[in-house]
Protein chains: 2
Amino acid sequence: MKATLLLETALKHFAEEGYEGASLSKIAEEVGIKKPSIYAHYKSKDDLFMSALHYSMESQKTQMASYFNLSRHQPLDKVLSGYFHWFAKETDENVQMKFIIRTAYFPPLKLEKEVGQLFDPFLDDMHRHLTRLLRERERHQKVLYEDDYSKAALAFLTIAEGTMTELVYSGQEQYEKRFEAIWPIFWRGLAL
Amino acid sequence: MKATLLLETALKHFAEEGYEGASLSKIAEEVGIKKPSIYAHYKSKDDLFMSALHYSMESQKTQMASYFNLSRHQPLDKVLSGYFHWFAKETDENVQMKFIIRTAYFPPLKLEKEVGQLFDPFLDDMHRHLTRLLRERERHQKVLYEDDYSKAALAFLTIAEGTMTELVYSGQEQYEKRFEAIWPIFWRGLAL
DNA sequence: TATTTCCTAACGACCGTTAGGAAGGTGAAA
DNA sequence: TTTCACCTTCCTAACGGTCGTTAGGAAATA
C-alpha cells in the first residue's frame, strides 16, 4: 500500500523538518514516486499534513489505551512509572511522538485552528484515562488531592510531558537520567 | 539603531514561524526596509538566525543570573517556585524565550551542530546555577539526593520544562493550573 | 573622501500545484 | 470471453510565485 508508505514517510519529514521545512519533492523521492503523484492520494500539502497528524494521534491513542489495559493489575506506582517506559520504547522510533509534540507546540500558523481542534480531545483523553485510574485505585493506594483526582492526573501529565520532551530532544540516555531524578521525588510527593 | 531593530524583529519572526517559515521579505517589511538591505547587516539568513539566537541567549542568561541574585535571601521553596513564575513570565511575554525553546527542541537541520554548540553551555549554566543553589542551602533546608545535588537540580528542570511547555502550548491559565497541581507534590517529595 | 546603509533590478533555485495523458486494473455489458 | 468504459495511480511538462542572494549604484554618514 503506497498510500500508507507515503503517509509514514511524510510524517517522518514533518517531524524532523516541520511543516514549512518538509518538501513534497523529497518525500516523494523517498517513497519512490514523483512529486505530482502525491496529488493522486492527497489534495494538498495541508491535506497530507493533517492526515499524517490524524494518523499519528489515532495510533498513539490506541497504544495508550492498550497500555492501560495491559497494566491494569499492577500496583499504581508501577502503572505510572511504566507508562513512561512504554512510550519511550513503543513509540515507533519516537517519530510519531516527535511529530505530535512538535505540532502541538509549534503548529504551522495557517493550520493552527484545525490542529487545535484535533489536539484538545486527545489531551482530554489522556487526562480522563489517568483520572479514572487514580479513582479506581483509591482503596489500595491513597494519593494527594484525594478530593480531586483530576488534579493529581494533571501533575502526572506535567512530568510525563517534561520527560517525553526530553526524550524527543536529547535521546534515550538523557531521558533515563531525568526519569531517575524525577520519579522518586514525584512518587514520594504523591503517595499518602 | 536599525541593526538592533532588525535583530529583534527577526527573532520574533523566527520564534513564531520557525527558521524555514520566517521570510526575509516580511522581516524587512516590518522593519521598514527592503529585503536586500538586510545584507548590509548580516551576510546570510543563517547569519541573521544565529545572531538572533546568540543575542537572545545572552539576554536570557543575564536575566537568569539576576533572578538568582535578587532572590538569594528567600527560603529555598520560594526561590524555586519563584523561578517557575519567572520562567513563565519570560516565555509568555518575551519572544526571546519562545525562540530559544523552539530552537533548542527543533533546530533547523542545517544549523543543528552550530545551535547545539551554543546550547550546551547554556543548559549547563542553568543546571549549575540550580546545583549551586541547592548546595548553598543545605544547612537550612535538606533535600533528597543530598549526596548529588545535580540530580535534584535535574528533577527540578524537568518539571520546569514540563510546565513551561504547557505554557507555550496552551497559555497562562492552563499553566497556572498545572503549577498548582505539581508544585505541592514536588516540594513534598523533595524536602526532607 | 571613505564607509556604511539603503535602493532597484534581477538571478537561479525551489516551492506547491495543475494540466493532460499513459498504464493498469476492475467490473459490467455484449 | 471479449469489449468497453471507468477508476486509480503514476508520469512529464510546466505554471506562477516566493525564496535567499548578488550586482551595481545612490544616498547618507563620518
Side-chain angles (χ1 to χ4, degrees), chain A residues 1-56 99 102-103 106-115 118, chain B residues 1-56 99 102-103 106-115 118:
Chain A
M1 190 76 92
K2 272 275 166 66
T4 309
L5 178 61
L6 178 54
L7 204 64
E8 281 169 355
T9 306
L11 107 75
K12 195 177 81 186
H13 282 245
F14 286 135
E16 274 155 18
E17 322 200 39
Y19 175 84
E20 293 90 356
S23 118
L24 295 186
S25 324
K26 285 186 195 162
I27 293 171
E29 191 185 357
E30 193 173 320
V31 172
I33 59 176
K34 300 295 174 185
K35 180 171 58 160
S37 305
I38 293 177
Y39 288 79
H41 303 272
Y42 302 94
K43 70 185 225 299
S44 65
K45 190 183 188 183
D46 291 8
D47 184 25
L48 178 57
F49 182 85
M50 292 306 295
S51 298
L53 184 58
H54 191 264
Y55 174 79
S56 300
F99 178 47
R102 175 170 205 154
T103 307
F106 308 110
L109 291 188
K110 55 183 283 203
L111 297 177
E112 206 170 16
K113 238 183 140 179
E114 292 179 58
V115 166
L118 262 183
Chain B
M1 191 77 94
K2 271 277 166 66
T4 309
L5 178 61
L6 177 54
L7 203 66
E8 282 169 353
T9 306
L11 103 77
K12 193 178 83 186
H13 282 244
F14 285 135
E16 274 155 17
E17 322 201 40
Y19 174 85
E20 293 89 356
S23 122
L24 295 186
S25 323
K26 284 185 195 161
I27 293 171
E29 191 185 357
E30 193 173 321
V31 172
I33 60 177
K34 299 295 173 183
K35 179 172 58 161
S37 306
I38 293 177
Y39 289 78
H41 303 271
Y42 302 94
K43 70 186 225 298
S44 65
K45 190 185 188 180
D46 291 7
D47 184 25
L48 177 58
F49 182 85
M50 291 306 294
S51 298
L53 184 58
H54 192 265
Y55 174 79
S56 301
F99 177 46
R102 177 171 204 153
T103 308
F106 309 110
L109 290 188
K110 55 183 284 203
L111 297 176
E112 205 169 17
K113 239 184 140 179
E114 293 179 57
V115 166
L118 261 183

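Labels below follow one simple rule: chain letters A, B, ... track the order of the sequence lines, proteins then strands, and each chain is numbered from 1. Basis for what follows: all heavy atoms, side chains included, without hydrogens, waters or symmetry-related copies.
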Next on the checklist: Can you measure A/L24 atom CG to C/dT17 atom P for me and round it to whole angstrom units?
Outcome noted: 7 Å
Checklist entry - Separation of A/F49 atom CZ from C/dG16 atom P, in whole Å? => result 13 Å
Checklist entry - Think A/S37 has a side-chain N or O under 4.0 angstrom from the OP1 or OP2 of D/dC11? => result yes
Next on the checklist: If you compare every side-chain N and O of B/K34 against the phosphate oxygens of C/dC7 (OP1, OP2), does one of them come in below 4.0 Å?
Outcome noted: no
Next on the checklist: What's the closest nucleotide to the side chain of A/P36 if the choices are D/dT12, C/dG16, D/dG20?
Outcome noted: D/dT12
Next on the checklist: Could you check whether any side-chain heavy atom of A/E8 comes within less than 4.5 Å of a side-chain heavy atom of A/Y55, counting everything from C-beta outward?
Outcome noted: yes
Checklist entry - For the pair made of CE in A/M50 and P in C/dG16, what is the distance, rounded to whole Å? => result 17 Å
Item to check | Gap between atoms CD1 and P, on A/I38 and C/dT18 respectively (whole Å) | outcome: 13 Å
Checklist entry - Expressed in angstrom and rounded to an integer, what is the separation of B/Y39 atom OH from C/dC6 atom P? => result 15 Å
Item to check | First of A/H41 and A/K35 reached from the 5' end of DNA chain D, by closest nucleotide | outcome: A/H41
Item to check | Length of the CG-C1' vector between A/L111 and C/dG16, whole Å | outcome: 14 Å
Item to check | Test item: B/T9 and B/H13 side chains (from C-beta on) under 4.5 Å apart, heavy atoms | outcome: yes
Checklist entry - Reckon B/A22 touches a base, only the sugar-phosphate, or nothing at all at heavy-atom distances under 4.0 Å? => result sugar-phosphate
Next on the checklist: Rounded to whole Å, how long is the line connecting atom OH of B/Y19 with atom P of D/dC19?
Outcome noted: 13 Å
Checklist entry - D/dC19 phosphate, OP1 or OP2: any side-chain N/O from B/S25 under 4.0 angstrom? => result yes
Item to check | cation_pi(B/K45, B/Y19) dist<6.0 Å, angle<=45 | outcome: yes
Item to check | Rounded distance in Å - CD1 (A/I33) to P (C/dA23) | outcome: 19 Å
Item to check | Over 12 non-hydrogen atoms of neighbours within 6.0 angstrom of CD in B/E29 | outcome: no
Next on the checklist: Rounded to the nearest 0.5 Å, what separates atom CG in B/L53 from atom OG1 in B/T103?
Outcome noted: 5.5 Å
Checklist entry - Where the side chain of A/A40 is concerned, which of D/dC10, C/dT17, D/dG20 is the nearest nucleotide? => result D/dC10
